[in-house]
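For this chain, numbers begin at 1 and follow the sequence in order. Atoms within a ligand are numbered from 1 in the order they appear, just like the ligands themselves.
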Amino acid sequence: MEKLVVRGGKRLCGEVTISGAKNAAVAIIPAALLVDGICIVENVPAIKDVAVICSILEELGAKIDFLDKYTIKIDCSNVNKYTAPYEKVRKMRASYYLLGALLGRVKKADVALPGGCNFGSRPIDQHLKGFKALGAKVSDDPEIEKSGIVYAATDGLVGTNVYLDVVSVGATINVMLAATLARGTTIIENVAKEPHIVDVANFLNAMGANIKGAGTDVIRIHGVDKLHGGTYSIIPDQIEAGTFMVAAAATGGDILVKNVIPKHMESVSAKLEETGATVKEFDDSIRVIGTGTIKPVNIKTLPYPGFPTDMQPQFVSLLAAADGTSIVTESVWESRFQYVDELMRMGADITVCNRTATIKGTGLCGTQVRATDLRGGAGMVIAGLMADGETTITDIQYIDRGYENMEEKFRNLGADINRVNDTRIDN
Ligand code: UD1
């Protein structure tokens with residue numbers, strides 16, 4: 001086990017290059033199960049969740065080679081298994097994509113309920129609703145030894161209309177995966193519009209799929225017989241970019257965040273400007289200049305293009321040191337303020353009532369805190385960068401799931417942050 005030790009108070013300046021998008025990579029890699037041929041996927045982030053999804057695919061029979069640190073070659077021609085390894089599936093949320101991809105490829109899928117960060121109830125009923133509409137059934141075949149939910153589409157999947165009752169990133173992508181090789185046309189309505197949904201559709205289309213409308217409320221998928229191999233480059237990570245943008249504002253710094261799509265950052269850029277930071281957009285980079293004082297702002301998380309829930313903890317850390325009171329409302333997840341207790345150990349003055357946090361700006365002091373989840377952990381790093389003295393962050397395995405070399409990127413900007421062994425006895 002390792003921990004991060006941050007000595008706060010440094011003004012962060014310089015350039016940082018953003019890695020490929022985690023939430024696109026963890027969908028595109030299983031999407032390769034649908035392809036007959038070799039996929040070369042570029043700009044893959046070097047993070048734990050990618051390692052886990054790659055090893056699940058390998059256990060299913062795929063051949064995966066790293067051509068370099070960020071480029072993988074995936075050959076799924078020999079995949080005919082449909083049972084995903086339980087222990088690995090439980091490690092990450094995105095393992096739910098194995099359901100859609102395996103149903104599309106093998107017409108059967110045996111996948112445990114996914115793991116991932118705990119934000120309260122995280123149902124997948126809308127994914128299952130979509131699979132059922134396409135003709136998959138919960139299998140009652142006694143020959144099948146079940147390790148999770150088993151869906152089978154004995155006669156193949158057939159295109160249909162699916163209306164999602166809630167706007168869900170995962171359900172949108174999963175139903176799209178299942179429908180790609182289905183017979184006929186599938187229309188999915190009330191879909192999510194996050195950039196990584198468009199990226200997965202672009203990947204599938206580059207391999208021969210016929211998907212239209214990704215990025216709007218309605219996606220139309222004309223099923224094709226097969227997908228061919230090809231090369232695809234993943235978009236930059238919107239949340240990693242946002243985390244470094246917040247760090248610039250939090251430390252009164254000046255950071256050029258490179259390899260971003262500024263359009264994807266609009267809600268984050270707008271909120272940072274409201275806090276008093278200057279945000280300058282270029283073709284594929286954004287410069288954020290902090291002033292050293294932070295104005296309070298109110299935020300409500302929403303599906304894209306609204307303010308992303310995955311940026312909520314980083315902003316709450318920033319606002320914990322603002323000149324006044326901010327109100328942050330979480331409308332996507334029922335329980336995403338667990339990290340607030342940790343922030344309060346650093347002196348933050350925050351009251352959480354149901355899905356709303358009232359944050360009275362104050363000074364932060366370094367102490368020992370833990371990462372309660374991936375983005376909560378990023379919030380702790382932001383708080384540590386602002387705090388007086390030394391902050392020790394434990395349980396950083398959550399951070400490693402989704403940030404590539406986070407401490408090295410921060411160190412290159414002038415932060416005093418180090419990864420050290422965590423010698424706590426209870427480890
Ligand atoms: C994805 C992201 C996660 C992000 C979230 C919202 C990945 C791997 N994870 O998670 O980082 O926080 O989008 O932007 O991409 N819901 C249902 N039934 C369902 C599915 C979802 O009720 O079948 C609800 C959820 O409880 C939640 C809301 O819909 O309240 C949004 O969830 P969803 O967009 O599906 O999130 P994930 O795909 O799990």
Side-chain angles (χ1 to χ4, degrees), residues 20-31 45 47-50 52-53 56 89 91-101 111 113-133 149 151 162-178 188 190-201 217 234-235 237-240 242-243 264 267-268 300-315 329-339 354-355 372-379 398-399 401-403:
K22 162 189 171 280
N23 286 347
V26 295
I28 285 174
I29 293 166
I47 53 172
K48 199 68 203 288
D49 272 10
V50 163
V52 174
I53 196 76
I56 295 177
V89 165
K91 281 189 181 161
M92 63 188 297
R93 181 78 187 153
S95 50
Y96 50 36
Y97 293 132
L98 294 162
L99 278 165
V111 183
L113 280 174
C117 295
N118 177 11
F119 309 141
S121 157
R122 295 186 77 175
I124 59 163
D125 57 298
Q126 298 303 307
H127 305 229
L128 306 183
K129 172 182 170 176
F131 300 147
K132 283 183 197 157
I149 333 166
Y151 270 80
V162 180
Y163 181 89
L164 298 179
D165 301 323
V166 290
V167 176
S168 158
V169 170
T172 302
I173 294 180
N174 228 347
V175 178
M176 191 164 82
L177 293 176
I188 321 174
N190 195 31
V191 296
K193 296 180 272 203
E194 268 67 4
H196 47 286
I197 292 170
V198 180
D199 210 35
V200 178
D217 294 318
I234 290 176
I235 53 166
D237 197 296
Q238 180 199 7
I239 306 303
E240 190 198 12
T243 303
H264 294 169
S267 60
V268 169
K300 183 174 185 184
T301 65
L302 288 168
Y304 188 83
F307 185 92
T309 171
D310 288 355
M311 282 304 303
Q312 183 254 90
Q314 301 89 318
F315 263 79
T329 306
E330 171 59 50
S331 69
V332 177
W333 297 114
E334 70 178 22
S335 169
R336 200 175 189 166
F337 285 120
Q338 293 103 319
Y339 67 89
N354 299 322
R355 290 184 175 210
T372 53
D373 59 84
L374 166 57
R375 307 302 171 187
Y398 289 110
I399 298 178
R401 280 189 38 216
Y403 287 90

[atom1]-[atom2] distance between [X] and [Y], expressed to the nearest 0.5 angstrom:
{"X": "Arg336", "Y": "Gln312", "atom1": "CZ", "atom2": "CD", "answer": "6.5 Å"}
{"X": "Gln126", "Y": "Tyr163", "atom1": "CD", "atom2": "OH", "answer": "10.0 Å"}
{"X": "Leu374", "Y": "Lys48", "atom1": "CG", "atom2": "NZ", "answer": "13.0 Å"}
{"X": "Tyr97", "Y": "Ile56", "atom1": "OH", "atom2": "CD1", "answer": "13.5 Å"}
{"X": "Asn174", "Y": "Leu98", "atom1": "CG", "atom2": "CG", "answer": "8.5 Å"}

Using only atom types and a distance under 3.5 Å, with no angle test, would you say the side chain of [X] pairs donor to acceptor with the backbone of [Y]?
{"X": "Ser95", "Y": "Val89", "answer": "yes"}
{"X": "Asp310", "Y": "Ile239", "answer": "no"}
{"X": "Asp49", "Y": "Gly402", "answer": "no"}

Does [X] approach ligand 1 within less than 4.0 angstrom via side chain, backbone, both or neither, non-hydrogen atoms only?
{"X": "Arg93", "answer": "side chain"}
{"X": "Val332", "answer": "both"}
{"X": "Val166", "answer": "side chain"}
{"X": "Tyr304", "answer": "neither"}
{"X": "Ser168", "answer": "both"}
{"X": "Asp125", "answer": "both"}
{"X": "Arg375", "answer": "neither"}

* Test item: Ile197 and Val191 side chains (from C-beta on) under 4.5 Å apart, heavy atoms ->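 No. Closest side-chain heavy atoms not under 4.5 Å.
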Could you tell me which atoms of ligand 1, counted from 1 in the order shown, lie closer than 4.0 angstrom to a heavy atom of [X]?
{"X": "Thr309", "result": "6 (C), 12 (O), 14 (O)"}
{"X": "Gln126", "result": "18 (N), 19 (C), 23 (O)"}
{"X": "Arg336", "result": "12 (O)"}
{"X": "Asn23", "result": "2 (C), 7 (C), 8 (C), 9 (N), 11 (O), 15 (O)"}
{"X": "His127", "result": "23 (O)"}
{"X": "Ile124", "result": "19 (C), 23 (O)"}
{"X": "Gly170", "result": "35 (O), 38 (O)"}

Do any nitrogen or oxygen atoms of [X] lie less than 3.5 angstrom from nitrogen or oxygen atoms of ligand 1?
{"X": "Ala171", "result": "no"}
{"X": "Lys22", "result": "no"}
{"X": "Val169", "result": "yes"}

* To do: Give a yes/no on ligand 1: does Met311 have at least one heavy atom closer than 4.0 angstrom to it?
  =>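 Judged by the 4.0 Å heavy-atom criterion, Met311 does not count as contacting ligand 1.
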* To do: Check whether any heavy atom of Pro123 sits under 4.0 Å from an atom of ligand 1.
  =>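 Contact present.
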* Asked: Would you call the rings of Phe307 and Phe315 parallel, tilted or perpendicular, where under 30° means parallel and over 60° means perpendicular?
  ->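 If you compare the ring of Phe307 with that of Phe315, the planes turn out perpendicular.
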* **Aromatic ring pairing Phe337/Tyr339, orientation class (parallel under 30°, perpendicular over 60°, tilted between)** =>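 Aromatic pair Phe337/Tyr339 classed tilted.
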* Asked: Under 4.0 Å between a Lys/Arg side-chain N and an Asp/Glu carboxylate O for Asp125 and Lys132?
  ->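 Result for this pair is no, no salt bridge flagged.
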